[in-house]
Amino acid sequence: MAYDDYLDGEKVIITAALTGGVHGKEANPNLPETPEEIGKAAAACEEAGAAVVHLHARRDSGERSFDRDRFQAITEAVRSRTNLVVQHSTGGTGATLEARRQSLRTDPPPEMASLDMGPLNRYRHLTSENTRGMVDSLYDEMADRGIKPELEVFNDGHLNEVRGLLDRRDLADPVYATLIFGGGTTSPPSPRNLLNATENLPEGALFNTLGFGRHQLPLTTMGILLGGHVRVGLEDNVYYGPNELAESNAQLVARTAGLAETLGREPAAPDEAREILGL
Amino acid sequence: MPDVCPYLEYRQLGDETQSGDATDSRPRAYCNAAEEFVQAMRADVCNDRYGLDHEADCEIFREAAGPPEGVEGEGAGGD
C-alpha cells in the first residue's frame with residue numbers, strides 16, 4: 001500500500017477499538033464494558049462508518065476477562081446488531097497463553113484476531129511477553145479455526161518479527177499489519193516514523209494505523225493519505241480534543257469517516273472490508 | 001501476606017456514565033494509596049491474578065509501603 005492507493009481512491013477500512021484491556025470507565029465513563037454496552041457501541045460505530053470491530057472482554061467490575069463465555073456473549077451482542085467484521089483480541093499483558101487463547105474459541109470463531117508481534121512493557125514490572133513460541137502457538141490456533149491474524153506491530157523491531165513469522169508460517173494474502181505509535185515500547189509517534197514503518201512492510205502487505213492518545217487523529221489522517229487503513233476508538237484514545245473526553249466510540253469513528261471522505265477515500269462497508277482483507 | 005493488595009477496596013464509580021446500564025453501579029477497584037480508581041489492567045496486579053504480585057509488580061504499592069525492612073533504598077549497600 002502506498003500513496004498511489006490514496007490517489008486511486010481505494011476504500012479505507014475503519015476499525016473501531018471499543019473497549020481495550022488497559023483502562024475502563026475510570027478513564028472515560030462512556031467506554032463500553034458489558035456485552036450490552038459493547039453491542040450498542042458497535043452498532044453506532046457501524047452506522048458512523050466502521051467496518052471492523054476490535055473486541056476485548058471485561059468482568060462486571062470492569063476488570064479484564066479472558067473467559068471464553070464472556071467473549072461469546074460479547075460477540076453475540078455485536079453480531080445480533082451489526083454486519084461488522086468481528087476481530088477478537090488475543091493480547092493480555094501478564095496473562096497466560098491458555099487465557100489468551102480463549103477468545104479464539106467462540107462459536108462461530110471471530111473472522112479476525114489480533115496477534116502481537118513481540119514484547120512490550122507496561123508499568124513497573126509488567127511485560128506482554130509474546131515470545132516467538134507464543135506467537136506461533138496463537139497463530140496456529142487461528143489457522144486451524146480459519147481466523148485471519150491482524151499483526152500488531154508495536155515498534156520497528158516487530159517488523160522484523162513479521163518477516164520471521166512469514167518465514168515460519170504460510171500466511172494467506174494479504175498480510176494485514178497494524179502499525180502502532182505511542183509511548184513506552186511502542187514506536188515514537190511521528191509522521192516520519194509512520195512513513196518509515198510503511199516502507200519496511202513486506203511486499204504486498206496492507207497496513208492499519210493506530211496512534212495512542214492525541215496521536216490518534218494526526219497519524220490516522222496520515223495513514224489515510226498513505227493509502228492505509230485506520231483504527232480509532234476509546235481503547236486507544238479517550239479524548240476527542242484537548243481536555244475533552246470523547247462522547248462515544250462512534251464520535252471518533254464519525255470524525256475519521258468524515259476525514260476520509262474529505263480526503264477522497266470512502267469508508268469501506270463491512271462486506272467491502274471482507275473483500276479487501278480476503279476473509 | 002494478604003491475598004490481595006491491602007490498599008485495594010471496591011467502591012461505586014459514580015453516576016457520570018451515559019449508558020444507563022445496571023452494571024454501572026457495580027463496585028470497582030479503588031486504590032487507597034493512590035486515592036483513585038484502578039485501571040482494568042492494574043486491577044489484576046491488585047488482585048494478584050495470573051501470577052502477578054502487588055508487592056513486586058506495583059510501583060504505587062511499593063512507594064506507599066516504603067522500602068522493605070533493612071533496606072534504605074534502591075541501590076543502597078553497593079559492593
Side-chain angles (χ1 to χ4, degrees), chain A residues 18-41 44 56-67 73 77 89 91-100 120-129 234-235 238 245-251, chain B residues 1 3-5 7-68 71 73-75:
Chain A
L18 305 180
T19 304
V22 176
H23 52 251
K25 291 186 189 295
E26 79 290 337
N28 184 328
N30 303 317
L31 187 146
E33 293 176 343
T34 67
E36 180 75 6
E37 288 175 338
I38 291 171
K40 289 178 181 174
H56 290 247
R58 298 296 185 91
R59 302 164 190 242
D60 286 343
S61 63
E63 295 164 27
R64 297 191 304 174
S65 171
F66 299 95
D67 182 66
S89 170
T93 301
T96 63
L97 174 61
E98 192 56 26
R100 292 172 55 178
L120 64 151
N121 293 338
R122 295 184 192 273
Y123 310 138
R124 171 187 163 78
H125 198 206
L126 296 190
T127 294
S128 188
E129 285 189 306
L234 295 174
E235 170 174 352
V238 296
L245 290 176
E247 293 173 2
S248 65
N249 281 287
Q251 184 189 31
Chain B
M1 190 173 95
D3 291 330
V4 300
C5 178
Y7 294 112
L8 172 67
E9 73 176 49
Y10 280 80
R11 295 185 182 180
Q12 304 293 336
L13 182 61
D15 195 27
E16 61 267 52
T17 57
Q18 294 183 351
S19 68
D21 191 283
T23 54
D24 288 349
S25 60
R26 298 283 179 93
R28 304 174 69 94
Y30 184 87
C31 175
N32 281 302
E35 296 185 335
E36 61 185 36
F37 283 96
V38 178
Q39 289 183 329
M41 186 181 293
R42 285 187 184 271
D44 290 331
V45 179
C46 305
N47 285 287
D48 291 352
R49 298 187 183 115
Y50 312 120
L52 300 173
D53 174 28
H54 64 275
E55 288 193 10
D57 297 333
C58 179
E59 63 270 40
I60 298 168
F61 174 85
R62 292 168 68 95
E63 184 176 336
V71 177
E74 208 162 350

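Within every chain, numbering begins at 1; the chains are lettered A, B, ... in the order of the sequence lines, protein sequences first and strands thereafter. Only a predicted model underlies this, so the values are computations on that prediction, with no experimental measurement involved.
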Contact check, side chains of R49(B) and E63(A), non-hydrogen atoms, under 4.5 Å: yes
R26(B) side chain reached by E33(A) side chain, heavy atoms, under 4.5 Å: no
Over 12 non-hydrogen atoms of neighbours within 6.0 angstrom of CD in E129(A): no
E59(B), CD atom: more than 12 neighbouring heavy atoms under 6.0 Å: yes
Considering all heavy atoms of both residues, which atom of [X] and which atom of [Y] are nearest to each other, and what is their separation?
{"X": "Q39(B)", "Y": "V22(A)", "result": "CB-O, 3.2 Å"}
{"X": "P27(B)", "Y": "S61(A)", "result": "O-CB, 3.7 Å"}
{"X": "G21(A)", "Y": "A40(B)", "result": "O-CB, 3.7 Å"}

Heavy-atom contact with chain A under 4.5 Å, split by part of V38(B): backbone
Side chain / backbone / both / neither for D57(B) at chain A, heavy atoms under 4.5 Å: both
Spacing of Y123(A) atom OH and L52(B) atom CG [to the nearest 0.5 Å]: 11.5 Å
Separation of R124(A) CZ from R62(B) CZ (nearest 0.5 Å): 3.5 Å
Most contacts with chain B, counted as non-hydrogen pairs under 4.5 angstrom, among R122(A), R59(A), H23(A): R59(A)
